[in-house]
Amino acid sequence: MSNAAAPQPLPPLEGSARTWGTIALSAATFMNVLDTSIANVSLPAISGDLGVSSTQGTWVITSFAVANAIAVPLTGWLTQRFGQVRLFMASVLLFIISSWLCGLAPNMTMLIAFRALQGFVAGPMIPLSQTLLLSSYPRAKAGLAMAMWSMTTLVAPVMGPLLGGWITDNISWPWIFYINIPVGLLAAGITWAIYHKRESATRKVPIDGIGLALLVLWVGSLQLMLDKGKELDWFHSAQIVTLAVVAGVGFAFFLVWELTDKHPVVDLSLFKRRNFWSGAFATAVAYGLFFGNVVILPLWLQQYMGYTATQAGMIMAPVGLLAIFFSPIVGMTVGKVDPRRYATFSFLVFALVLWMRSNFNTQADFWTIMIPTVIQGVAMAFFFIPLVTITLSGLSPDRIPAASGLSNFLRITAGAIGTSTATTLWENRAALHHAQLVEAVNQGSTAASGAIANLGSAGFTAEQVLGQINRLVDQQAFMLASSDVFYGSAVLFLLLIPLVWLAKPARGGGSSDAAAGAH
């Protein structure tokens, strides 16, 4: 179905068709994003069941992340070849099949291979769900469409560890993959019924083989470096240095090739648009900060505050409450309010939440820790919708899938960088605080001498006394390290605000331009 003529605008969906379309696309997005984090807490069970070390088990996460990061920026090119609806359907159905294969995997090698397949076929799903959802709503309600989409994208990473832990504890780890099958089939069936007559125009674009090979090379190397860096002690490892060099050189060649090729596999000309690059980079850096802190908080709670995985999940879960309440309000008003104001408010609330967390101590109770999490829901509601509105504003219909794919690629990569940076900083700062605190444990310290005497009188041996003291020092060191990461993240959120204001105000009423990709 080659069509050189300009595509005719599609009318928005109405009534129940729009409602069901929104549910189906949101379910597919939720399923996809959930799979980026659901396996994390199940790794010990998976590694033990398949008879490998926990280090080998981390490839279950790494293989998905690498393949997914490679596939996402290809969305624009694949859409031109196959059409939005056909590509989305293929992505969902192949995701279901690969999820089923992951659950059936008889050994770790096969599981890693199937996870890589799952990550790759999942790539176009998020950008295209965004594009199809925008096409379902009138321009005036594009913000509401983005509200529905952003709720699933923000709540799923938080729900993943909670759901994954519960399934692993109460059923068995293959079911973290099997649960995708009914959700995916339902999403695919509804999507096809509603959207099969709304296919976008296609054209046979030449395959940019060199660009694709360079993309696989540098993105794969970067993701492997980020995933394995902490484990291999970063640049003290020859393997990490090699990956960094390959990623850097590969990226340089990729840039030169894609900017000069007639039919690039990734449309880098989008970065000529000020609203695209300012919105996409603000989204990516903020998401990296958010995701890094999402990882640190439950780690600290479980390892040094005595919380179980379920209790840590309960602390994280309320983040969606206010996000679900405020997102539709933001969506309905973003066309009337400058989206830059909403994004600024979001960053201010994120900074407030992280500042509150930086004041925690080891005596903080359940409710003290939960309050900032609840408030964070407000920041999340005002985060995605305005920034997506800015990023996609003023783009022509045929460029939305490429723009969405590229901005989501930046977001996913920033999430990986945020996680690696946050965990490494956390452990490095903890080592520094541990060394400083240990200096105070000496015979001249009244507190240290009193603690040692009390433990000794309780029947502990000299070695056990020192072990107990070391555990207390560890707890305080990681508490102080958590405070450092939280405080630093709060400052970075404040520094991000000027980036948002580099964007031009969206003409014609905020969200309507963001809907251009649909109409």
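Basis for what follows: all heavy atoms, side chains included, without hydrogens, waters or symmetry-related copies. Residues take their numbers from the sequence shown, with the count starting at 1. This structure is a prediction, so every number in the text was calculated from the model and none was measured.
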Compare all side-chain heavy atoms of [X] with those of [Y] and state whether any distance is below 4.5 angstrom.
| X | Y | answer |
| --- | --- | --- |
| F493 | L354 | yes |
| V85 | W192 | yes |
| I190 | I194 | yes |
| L496 | F350 | no |
| Q363 | M479 | no |
| M125 | T75 | no |
| P372 | F360 | yes |
| V388 | T283 | no |

Exercise for the section: Check the pair R429, S482 against side chain to side chain donor-acceptor pair (under 3.5 Å), reporting the backbone distance first and the verdict last. Expected result: CA-CA 8 Å; R429 294 296 297 175; S482 302; over 6 Å; no
Pairing donors with acceptors under 3.5 angstrom, does anything connect the side chains of [X] and [Y]?
| X | Y | value |
| --- | --- | --- |
| N32 | T29 | no |
| Y304 | T362 | no |
| S407 | T391 | no |
| S136 | Y195 | yes |

Side-chain donor-acceptor contacts of residues 325-335 below 3.5 Å, not counting sequence neighbours, with atom names and distances?
{"unit_1": "S327", "atom_1": "OG", "unit_2": "A323", "atom_2": "O", "d": "2.7"}
{"unit_1": "T333", "atom_1": "OG1", "unit_2": "I329", "atom_2": "O", "d": "2.8"}
{"unit_1": "T333", "atom_1": "OG1", "unit_2": "V330", "atom_2": "O", "d": "3.4"}
{"unit_1": "T333", "atom_1": "OG1", "unit_2": "Y342", "atom_2": "OH", "d": "2.6"}

For [X] and [Y], which heavy atoms make the closest approach, and how far apart are they?
| X | Y | result |
| --- | --- | --- |
| I179 | I176 | CG1-O, 3.6 Å |
| A24 | T191 | CB-OG1, 3.6 Å |
| P124 | S91 | CD-OG, 4.0 Å |
| A28 | V92 | CB-CG2, 4.3 Å |
| L387 | A343 | CD2-CB, 4.0 Å |
| I96 | G184 | CD1-C, 3.3 Å |

As an exercise, state the distance from [atom1] of [X] to [atom2] of [Y], rounded to the nearest 0.5 Å.
| X | Y | atom1 | atom2 | answer |
| --- | --- | --- | --- | --- |
| I126 | F88 | CD1 | CZ | 10.0 Å |
| K504 | N275 | NZ | CG | 7.0 Å |
| L94 | F120 | CG | CZ | 10.5 Å |
| L270 | L392 | CG | CG | 9.5 Å |
| L494 | S489 | CG | OG | 11.0 Å |
| L128 | S404 | CG | OG | 7.5 Å |

Exercise for the section: Give a yes or no on this: more than 12 heavy atoms of other residues, nucleotides or ligands lie within 6.0 Å of atom CZ of R18. Expected result: yes
Handout entry: Candidate pair T344 and W501, rule side chain to side chain donor-acceptor pair (under 3.5 Å), full reasoning
Key = CA-CA 9 Å; T344 300; W501 288 91; 2.7 Å; yes
For [Y], is there any backbone N or O sitting under 3.5 Å from a side-chain donor or acceptor partner on [X]?
| X | Y | result |
| --- | --- | --- |
| N68 | A71 | no |
| S393 | I390 | yes |
| S358 | S483 | no |
| R86 | F82 | yes |
| R340 | A503 | yes |

Handout entry: Among T373, I375, T368, the one residue meeting side chain to side chain contact (heavy atoms under 4.5 Å, CB included) with I371
Key = I375
Handout entry: With N180 via side chain to side chain contact (heavy atoms under 4.5 Å, CB included) - residues at least two apart
Key = M31, D35, F95, S99, Q118
Fill in the blank from the handout: W277 meets the side chain to side chain contact (heavy atoms under 4.5 Å, CB included) criterion, sequence neighbours left out, with F271, R274, F281, L499, L502
Problem - Candidate pair R411 and F384, rule side chain to side chain contact (heavy atoms under 4.5 Å, CB included), full reasoning - result: CA-CA 11 Å; R411 180 179 61 81; F384 251 119; 3.3 Å; yes
Handout entry: side chain to side chain contact (heavy atoms under 4.5 Å, CB included) assessment of F366 paired with M305
Key = CA-CA 10 Å; F366 184 90; M305 292 291 284; over 6 Å; no
Exercise for the section: Please assess T22 against Y137 for the test side chain to side chain contact (heavy atoms under 4.5 Å, CB included), listing each intermediate value before the final yes or no. Expected result: CA-CA 10 Å; T22 302; Y137 284 73; 2.8 Å; yes
Problem - Close aromatic pair by centroid cut-off 6.0 Å: W426 and F478 - result: yes
Handout entry: Check against side chain to side chain contact (heavy atoms under 4.5 Å, CB included), L93 and V121
Key = CA-CA 9 Å; L93 292 173; V121 300; over 6 Å; no
Practice task
On the 0 to 90° scale, with breaks at 30° and 60°, tag the F290-Y287 ring pair as parallel, tilted or perpendicular.
Solution key: tilted
